[in-house]
4 protein chains.
Amino acid sequence: MDSHLAARTPPPLSPRKRPRQARAVVTVDAIFEATLQVLLAEGMRHLTTTRVAERAGVSVGTMYQYFPNKQALVYALNERSLETLADRIEATCRACHAAPVNRMVEALIETYWRAKTERPEVTRALYRSVAEMDNTALIESFAQRVDAATTEMLASATDATFTDLHIVNLTLVTVIFGTVRNAFERGVSDAVSHALKQQLLEMCLAYMQAAMA
Amino acid sequence: MDSHLAARTPPPLSPRKRPRQARAVVTVDAIFEATLQVLLAEGMRHLTTTRVAERAGVSVGTMYQYFPNKQALVYALNERSLETLADRIEATCRACHAAPVNRMVEALIETYWRAKTERPEVTRALYRSVAEMDNTALIESFAQRVDAATTEMLASATDATFTDLHIVNLTLVTVIFGTVRNAFERGVSDAVSHALKQQLLEMCLAYMQAAMA
Amino acid sequence: MDSHLAARTPPPLSPRKRPRQARAVVTVDAIFEATLQVLLAEGMRHLTTTRVAERAGVSVGTMYQYFPNKQALVYALNERSLETLADRIEATCRACHAAPVNRMVEALIETYWRAKTERPEVTRALYRSVAEMDNTALIESFAQRVDAATTEMLASATDATFTDLHIVNLTLVTVIFGTVRNAFERGVSDAVSHALKQQLLEMCLAYMQAAMA
Amino acid sequence: MDSHLAARTPPPLSPRKRPRQARAVVTVDAIFEATLQVLLAEGMRHLTTTRVAERAGVSVGTMYQYFPNKQALVYALNERSLETLADRIEATCRACHAAPVNRMVEALIETYWRAKTERPEVTRALYRSVAEMDNTALIESFAQRVDAATTEMLASATDATFTDLHIVNLTLVTVIFGTVRNAFERGVSDAVSHALKQQLLEMCLAYMQAAMA
DNA sequence: TATGAATGAGCGTTCATTCAT
DNA sequence: AATGAATGAACGCTCATTCAT
């Protein structure tokens, strides 16, 4: 499935080298930032290596020192973004350790919703940029971190136990993430968005209630 | 927002001419089918007008008689697909008119889930193909049809009345559609997928129960 | 010289058939008019057979009944225009038969200047349209008619005889026609244009005076 | 007027970058030379970017580093040619500073006539190549340089003063340039061409005589 | 190590021309 | 005689990638 994504010219998507020196880190960050800027300003369609390099203040050649090809660059940008997101979710989970379930659910929704909404154009640009790449590994890796964190959190709930924690957790996460994305895509107004978030919360709470052992 | 999608050179996305003769209809269908084939086999990245025309058994020139440019072709393909999906949902809603709420929710989930899952590669290819286009209008038009149908259906429920039918309906639809997409993107196995669908149903039922006046 | 103009695909530049019936004449005229319109509105660069046919209210197929190819169409349009111009010049020459030389020269300048200036965009469009065709035959044929007419006129002058009528005539015509074109290309203002015409007249008169036997 | 020439998509006609290194200068020169070659051998109609690049021994991409599009290339070629011509005319004017009027006129005619005639196919090819572009700026710039030079020259004449130097100068230049072009277009033989040049000289001299204060 | 000029395959698109109806 | 859908060669142009400096 999706073989063509990688098939034609199996592109090495991992960075060519990890930046070791301080200068390299700065350079790579500049490149990432430039990529995002171009993505926002011009769209994936007009994201060219030249433009990125220009905006980053380096030469194309230098860019190719850190990323074997354009895809790898975009891939890495998304990777970074997902890692940041996972960080935030893990932080939330840690903060809700041993809290009541309701607070957990609310915190989870709040965190994810805010993360996706605070810079909507960035979210959208990133969604779009990976669309034609095989981002399975990215998603999976993100999912694993999140699942681990939320599972652990839910297991620590002081006011509930779940007979099938695993599926409950998966459901919760999938519904929340999916709903946010869909609300996002529909382009609902802020007011509606807020109401929707409330309803989602209530729905999840009702579900958790029913799912408790 | 997303201005670059249309801004640079507002591309006319509407078909150049409606096929009038039988032959023309066949041609257009062949082009659609070919587009989908190429999309599946090669991915958006390698979807070229030449390749599509070739597979459709027509000349590029002919393609351009019906579609003003490549984007319009892809756009139209997605439009067609969303229209078919809306048709199916409307049919479901009609079939559930004046039924109990539970049956409605179950039918809705079932219909959408099946539609998106029966030919997963097609779904994925289409998701990807529109990613870098401004498909707002498409989404909106689809959403309107669906919202109208589901709202009407829910209002006809024999066993329930909703004080805020509008938001309940929006929530239901957004959650269902979003969850399906997310489950899809995670690439869950069939077994998990099935379980997830069950859980989603239960969650929605719990929500509807709580939402009844 | 200029072999490439005809070399690649020696294009038959003469009309396919002379319109015999009244209807055909109307059609051909419509096509000519349409060609000119498109030329004015869009420029040679965007003069396409489809556009011309559309504006003429006929099908491309019909157009090809009267003109073997696009070049022939443009060629014929210029031919027609030059013929009209030659008509006017001949009329002027006839009107000045047996007049004094000064009146002849003035009339010639006046006629040509007016002809080229009364619809400047048309003049310019036509100049441009033939630029990349071998219009030698056209020019030659026009030149012959004009030379004959002006020679005859000058020979009939009541107040002068020229020892070398032929070269005087050629000089006069070449200078007048060339100057008009050059003034035209420089895009001089109406005021300057008028002054220039006066000066040209004086120059020609001085020349004729000197050239008289 | 002629709005369509620029209107549709105002094409940037100025070179993309000035060649800085020696190698680049060579490259640009090779491209110019190749353009002229192709123009001569195939005509504007068959002047394609690929062909030019091929003949210049560079890749299309390189061509596009120096010229933003095909039109700009042709435009620049004509610009260069007109600049060279203006150089020659200025040199002539300088050489005739403070000379008698007759020598000035003769030198001017001689210079221009020779310049346009020494490589007639080149002249013709260039005339044709700009035909469908907005070369107003080119012409104007050329005219200004020439006008300045000739005006200065005439003003320095030792044997004459002109009450309206400006219009006399304009007339002289327009007549000479126009006549040369027209003689050229008529395709007159060398013998006739020579005679014509003599007559033009006499005509101009007669005019100047009359125009002296 | 960093540069950026050079490459050239490959793309989207046009439009003169044909010919079945 | 008239139509206009179909053709497909040919074009201008882009941009990821390389490599001599």
Side-chain angles (χ1 to χ4, degrees), chain A residues 9 11 21 23-24 27 45-54 57-73, chain B residues 9 11 16-17 19-21 23-24 27 45-54 57-73, chain C residues 9 11 17 21 23-24 27 45-54 57-73, chain D residues 11 16-17 19-21 23-24 27 45-54 57-73:
Chain A
T9 14
Q21 301 166 16
R23 184 151 62 103
T27 300
R45 180 168 230 74
H46 299 282
L47 182 92
T48 69
T49 51
T50 317
R51 261 196 272 257
V52 169
E54 209 163 69
V58 300
S59 70
V60 238
T62 300
M63 251 193 56
Y64 273 81
Q65 295 257 333
Y66 296 101
F67 303 94
N69 51 54
K70 199 178 88 164
Q71 289 215 41
L73 170 63
Chain B
T9 11
R16 219 164 221 176
K17 64 175 169 190
R20 302 218 171 278
Q21 301 167 17
R23 184 148 66 105
T27 300
R45 180 170 231 73
H46 299 283
L47 181 91
T48 70
T49 51
T50 318
R51 265 195 270 261
V52 169
E54 214 161 63
V58 300
S59 69
V60 234
T62 299
M63 250 195 54
Y64 275 85
Q65 294 243 342
Y66 296 102
F67 303 95
N69 51 54
K70 199 179 85 164
Q71 287 214 43
L73 171 63
Chain C
T9 15
K17 61 178 172 190
Q21 301 165 16
R23 184 149 64 103
T27 301
R45 180 168 229 74
H46 299 283
L47 182 91
T48 68
T49 51
T50 319
R51 261 196 272 258
V52 169
E54 210 163 66
V58 302
S59 70
V60 237
T62 299
M63 251 193 55
Y64 272 83
Q65 295 257 333
Y66 295 101
F67 302 95
N69 51 54
K70 198 178 87 163
Q71 288 215 42
L73 171 62
Chain D
R16 219 164 219 173
K17 64 175 169 191
R20 301 216 172 278
Q21 300 168 15
R23 183 149 65 104
T27 300
R45 180 169 229 74
H46 298 284
L47 182 92
T48 70
T49 51
T50 319
R51 264 194 271 260
V52 169
E54 215 161 62
V58 301
S59 70
V60 233
T62 298
M63 250 195 53
Y64 275 86
Q65 293 242 343
Y66 296 100
F67 303 95
N69 52 55
K70 199 179 84 164
Q71 288 214 42
L73 171 62

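Every chain is numbered from 1 and lettered A, B, ... according to where its sequence line falls, protein lines coming before strand lines. Just so you know, these numbers come straight off a predicted model, no measurement behind them.
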Starting at [atom1] of [X] and ending at [atom2] of [N], how long is that distance when rounded to a whole Å?
| X | N | atom1 | atom2 | answer |
| --- | --- | --- | --- | --- |
| D/L73 | F/dC11 | CG | P | 15 Å |
| A/R45 | F/dA16 | CZ | C1' | 16 Å |
| B/H46 | E/dG12 | NE2 | P | 12 Å |
| A/Q71 | F/dC15 | CD | P | 16 Å |
| C/M63 | E/dT17 | CE | P | 9 Å |
| B/F67 | F/dA5 | CZ | P | 15 Å |
| D/Y64 | F/dC13 | OH | C1' | 5 Å |

For [X], which residues count as a side chain to side chain donor-acceptor pair (under 3.5 Å) partner, sequence neighbours excluded?
| X | value |
| --- | --- |
| B/T49 | none |
| C/T48 | none |
| C/T50 | none |

Side chain of A/N69 (C-beta onward), nearest among F/dT17, E/dA16, F/dG12: F/dT17
Out of F/dA6, E/dT17, E/dA5, minimum distance to the side chain of C/T49 belongs to E/dT17
Can you name the nearest heavy-atom pair linking [X] to [Y], along with the distance?
| X | Y | answer |
| --- | --- | --- |
| D/H46 | D/R51 | O-NE, 2.9 Å |
| C/S59 | C/A53 | C-CB, 3.9 Å |
| A/Y64 | A/N69 | CE2-CA, 4.0 Å |

Enumerate, in order of first residue number, the stems that involve DNA chain E, defined as 3 or more consecutive Watson-Crick or G-U wobble pairs with both distances under 3.5 Å. E:2-21 with F:2-21
Report, one pair per line, the protein and nucleotides 8-10 of chain F atoms (nitrogen or oxygen only) whose separation is under 3.5 Å.
residue: F/dG8; atom: N7; partner: B/G61; partner atom: N; Å: 3.4

Between atom CE of A/M63 and atom CD of A/E54, what is the distance when rounded to the nearest 0.5 Å?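 That separation rounds to 12.0 Å.
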I need the B/Y66 OH to B/T27 OG1 distance, nearest 0.5 Å.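 Nearest 0.5 Å value for the OH-OG1 distance: 5.0 Å.
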So, OP1 or OP2 of F/dA6: does either fall under 4.0 Å of a side-chain N or O from B/Y66? yes
Is it the case that the base of E/dA5 and the side chain of D/Q65 share a donor-acceptor contact (distance under 3.5 Å, atom types as modelled)?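 Donor-acceptor pair under 3.5 Å: no.
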Among B/V58, B/L47, B/V60, which residue meets the side chain to side chain contact (heavy atoms under 4.5 Å, CB included) test with B/V52? B/L47
Which residue lies more 5' along DNA chain E, comparing D/G57 with B/L47 via nearest heavy atoms: D/G57
